[in-house]
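Atoms within each ligand, like the ligands themselves, are counted from 1 in listed order.
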Amino acid sequence: MDYQFKDIEQKWQQFWADNGTFKAEDKSAKPKYYVLDMFPYPSGAGLHVGHPLGYIASDIFARYKRLKGFNVLHPMGYDSFGLPAEQYAIQTGQHPAITTADNIATYRRQLDQIGFSFDWSREVRTSSPDYYKWTQWIFMQLFNSWYNKDADKAESIAKLVDHFEQNGSAGINAASDEEILSFTADEWKALNNREQQSELLKYRLTYLRESTVNWCPALGTVLANDEVKDGFSERGGYPVEQKKMMQWSMRITAYAERLLQGLDTIDWPEPLKEMQRNWIGKSTGASVRFPIETSPKSSPKERTLEKNVENSLSFGEGRGEATYIEVFTTRVDTIFGVTLLVIAPEHELVPALTTSAQKADIDAYITQTKKKSELDRMADAKTVSGAFTGSYVLNPLNGEKIQVWIADYVLAGYGTGAVMAVPSGDQRDYLFAKHFNLPIISILDTQNIETEADPTKEGKYINSDFMNGLDYKEGTAAVIAKLEAIGAGKAKVNFRMRDAIFGRQRYWGEPVPVYFKDGLPHLIEEEHLPLLLPEVDKYLPTESGEPPLGRAEGWKHPEGDYELSTMPGWAGSSWYWYRYMDAQNDKEFASKEAIAYWKDVDLYIGGSEHATGHLLYSRFWNKFLKDLDLVVEEEPFKKLINQGMIQGRSNFVYRLIDEEGRGTNTFVSHGLIKEYKTSPLHVDVNIVENEVLNLSKFKEWRPEFADSEFILENGKYICGVEVEKMSKSKFNVVNPDDIITRYGADTLRMYEMFLGPLEQSKPWNTNGIEGVFKFLRKFWRLFHNDAWEFSVSGAQPSKAELKSLHKIIRKVEEDIERFSFNTSVSSFMIAVNELTDLKSNNRAILQDMVIILSSYAPHICEELWTLLGNPAGSLSYAPFPKFNSAYLIEDEFAYPISINGKTKMNLSISLSLELKDIEAAVLANADVQRYLDGKTPKKVIVVKGRIVNMVV
Ligand code: ANZ
């Protein structure tokens, strides 16, 4: 029979489903291997050909690992909470759970058609209560934990309370809010429950606090930084503004250092690691307190400097009126070059520092700043602007009086929101000082004031008695020591990363398992998990502006109101790989045994758009679960690969424009558009083949084109082509279903790999798909005779056959181990061509070929495998053929045999023969004898491995 891909593929997909062929074992003598895909959000549009790219690669790898004797876990599920289903619900009133279930059904049908070897018995859906029960449970563990910096891990809040009861706050080194109290054990016990709870909130790893958030009025929700691009929401492109709100946050900053260190232990693409490093943004420097000059009368000369600093720094420490401005600097060695202090316009001390004379200036400047986004503020390095507050601080080391300014280049959210400006050390500070005519002091003896100070190169510090002669490192250490001695500063590591907002004012997400009593949050009882998402009449905020959960009737905890915001999109995806290990467990998020066995993900494939969102949050939750001894590995994903995007290949038609500039219903073929006035129009790529427009389909495509006319070239309408993002609006979306209907899933799988290196982005281009289809048919042909009857021979394989086979064994093994899937496809084609040329139908050879090809094209291989007489379904666990290098050794050479300088023929002779034996073999050959025509050569010249020449 000819290659009937449709029947074959349906048959095997059914077989795999019925027999649970890819069910992973939870206990096995085999080594484990965990291959994970980033699970999809099931959108209404279904899968396009770009989506399966990574899934195909991971499936090839998973299947290959099974052949290599591993117990492979290769699961799939759905990240099914999220905004699109809810937006749709708002428009149509349809419950998001229904939309989501429908979309999942479509995804599942599409995925099944591609022949993936997923273990569907472990499917997860983040929106299903038996899943989000555990997301809520993890939230509760975070609420019940704090970060002990001395132990460098999370510990239970109960332990912290014990410590407070016995020792007060002394001896606690926590990652906490800034404004924590110091107290004795007695003082702690004297606090009422409310006071204690609000203090503990400053330590919890998930906590409530007022924060400035990205508020998107159109979406009615708060967005994470990575969901905002250039001041607009990534989804939908709506404007985003800054707003202060009470918000749940996750204290990810506690893990900043571990998140950074961990990157050195994992095999991820370097650019991705670099993005995480930048996001974490570690800076090593110092914090320095500049005393505010409180009374203009007391000049530093009247009091000793130390006294002065001490007085202002110790006065009212921590509470009441501020007496100093704290800056963060990475260049504390430049402290003697500080000639002004610049604070962010939003800095909390601005009102207190502004003198009445300067008030108008400062107010005007603040108004102007509000119009700029943070991004604009950082990007705009050239325009200098700022306003003087009228107040001064003192340099803590030399008592110099320093003006305090506000300027928008200083960001409120970074460091302390205040900068010690060193015009001779920093370019922005220099421009600022120049513009406002402020003093500039060199800090190095070699320095011209216009050059940036670089003490790492040359020059000696000046303007300081104790730094003279020191190098950069020593100078920095000396300044810090001085500052520490007078309590005016200390070494400090600063991170750019902020705590992560953990709440959305939306419906379709996990309810936060918290209720409020006396204004304080309390966890619900664990036995009441999951806290189910309640029904609401509409998916909109309430009249009073509360989130949609505020509409749920009778939804109330006996002791108080439930939290009304839901968890953000990243909650469910921050731990899902553990659920696959033990997806049905209703006692634990996964059993200890399952976690001890599967441990971590060996290979994770997904898009690079998750570089700082999902991949950072997942690492954070993983480290937290590790601290609680709930999981065994510090990092969740050992190796990660980002697959490239498949771009759309758009086609265009060209509408003829008439003299009045109006569009006509005539379309000009692409090669002729220079001769006419036309305007381009996207056309559905599905009615174009090899750039030729199907005219009748075009007329049917849209009613307005029904009687369109065409100006053709060579009788055809040729379309224009451009590579763009694959999107509905560009009519360039290619649905895998259509490809499968025409060519089958095996062709689709191989073709997607054939398009190019996995990591690279590349346009979808069906022009070469026929070639892949023909290859599979040719492979099928090897097993069949001319009458398309299955026919293989049991003969001993020839050397040439073995050589072809072992070349491909080695190539595919090397390629897959390097994740170079595209290069294998062309090697398969070469091997099949070689075997075809050799007229090979050798069972031993072909059976091994079937195993090698099966991870790429599983359906055709299953069919051939059973035709070869093997038990159905056993292919997936057959041993991958062993490469034997002996078959590749070139042991013969085809000598050109020439007589009187003319090559007559080639003759294969073993390379191990000596010269006289070669000569004998040549002369004994019947064909050579024929050429010699009975004559004996006068001379025979043999060059080993090159040529045999005879003179007759
Ligand atoms: C004095 C100085 C002298 C500085 C010098 C630099 C060069 P990174 O590496 O990004 O951490 N800075 C501190 N807080 C800031 C804020 N909120 N907004 C804008 N700039 C801020 O950079 C730290 C440096 O950026 C700090 O070191 C501070 O300027 C500035 F020759 O202090 B430096």
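Every atom of ligand 1 is numbered from 1 in the order shown, and the set under 4.0 Å from a heavy atom of D426 is 5 (C), 6 (C), 7 (C), 31 (F). Less than 4.0 angstrom separates some heavy atom of V410 from each of these atoms of ligand 1: 16 (C), 17 (N), 18 (N), 19 (C). If you number the atoms of ligand 1 from 1 as listed, the ones under 4.0 Å from a heavy atom of F328 come out as 11 (O), 13 (C), 26 (C), 28 (C). Remark: ligand 1 atoms within the under-4.0 Å shell around heavy atoms of Y409 are 18 (N), 19 (C). Set against the non-hydrogen atoms of G425, the atoms of ligand 1 under 4.0 Å away are 5 (C), 31 (F).
The shortest non-hydrogen separation linking F388 to Q358 is O-NE2, 2.8 Å.
The protein heavy atom nearest to atom 27 (O) of ligand 1 is T330 N, 3.0 Å. Scanning the protein for heavy atoms near atom 18 (N) of ligand 1, the closest one is L411 N, 3.0 Å. Looking at atom 33 (B) of ligand 1, its nearest protein heavy atom turns out to be T329 OG1, 3.6 Å. Nearest protein heavy-atom neighbour of atom 20 (N) of ligand 1: R428 NH2, 3.4 Å. Here the protein heavy atom with the shortest distance to atom 8 (P) of ligand 1 is S283 OG, 3.3 Å. The nearest protein atom to atom 10 (O) of ligand 1, hydrogens excluded, is given as R496 NH2, 2.6 Å; this is a heavy-atom distance.
T284 places no side-chain N or O within donor-acceptor distance of the main-chain N or O of V493, the cut-off being under 3.5 Å.
The shortest heavy-atom distance from N494 to ligand 1 is not under 4.0 Å. Within the structure, the closest approach of G415 to ligand 1 does not fall below 4.0 Å when heavy atoms are considered.
Note: W570 and W621 have perpendicular aromatic rings, judged against thresholds of 30 and 60 degrees for the angle between ring planes.
Using a 4.0 Å cut-off between heavy atoms, T334 contacts ligand 1 through its side chain alone, with no backbone atom that close. Only the side chain of V419 comes within 4.0 Å of ligand 1, judged by heavy-atom distances.
A salt bridge links E257 with K282: at least one charged nitrogen is closer than 4.0 Å to a carboxylate oxygen. A salt bridge does not link E484 with K490: every distance from a Lys NZ or Arg NE/NH1/NH2 to an Asp or Glu carboxylate oxygen is 4.0 Å or more. Using a 4.0 Å cut-off between charged nitrogen and carboxylate oxygen, K273 and D267 do not count as a salt-bridge pair.
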Salt bridge (Lys or Arg N to Asp or Glu O under 4.0 Å) between K202 and E199, worked out: CA-CA 6 Å; K202 298 176 191 166; E199 187 62 16; 2.8 Å; yes

Run the salt bridge (Lys or Arg N to Asp or Glu O under 4.0 Å) test on D429 and R331 for me, step by step, so that the C-alpha distance in whole Å, both residues' side-chain angles and the decisive distance to 0.1 Å come before the verdict. CA-CA 13 Å; D429 299 346; R331 289 293 309 280; over 6 Å; no

For the pair K626 and E633, evaluate salt bridge (Lys or Arg N to Asp or Glu O under 4.0 Å) and give the outcome as yes or no after the intermediate values. CA-CA 7 Å; K626 171 78 169 46; E633 292 291 337; over 6 Å; no

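Of the options H347, R331, K282, the smallest heavy-atom separation from atom 5 (C) of ligand 1 is shown by R331.
The cationic atom of K623 (NZ for Lys, CZ for Arg) does not lie both less than 6.0 Å from the six-membered ring centre of Y255 and within 45° of the ring axis.
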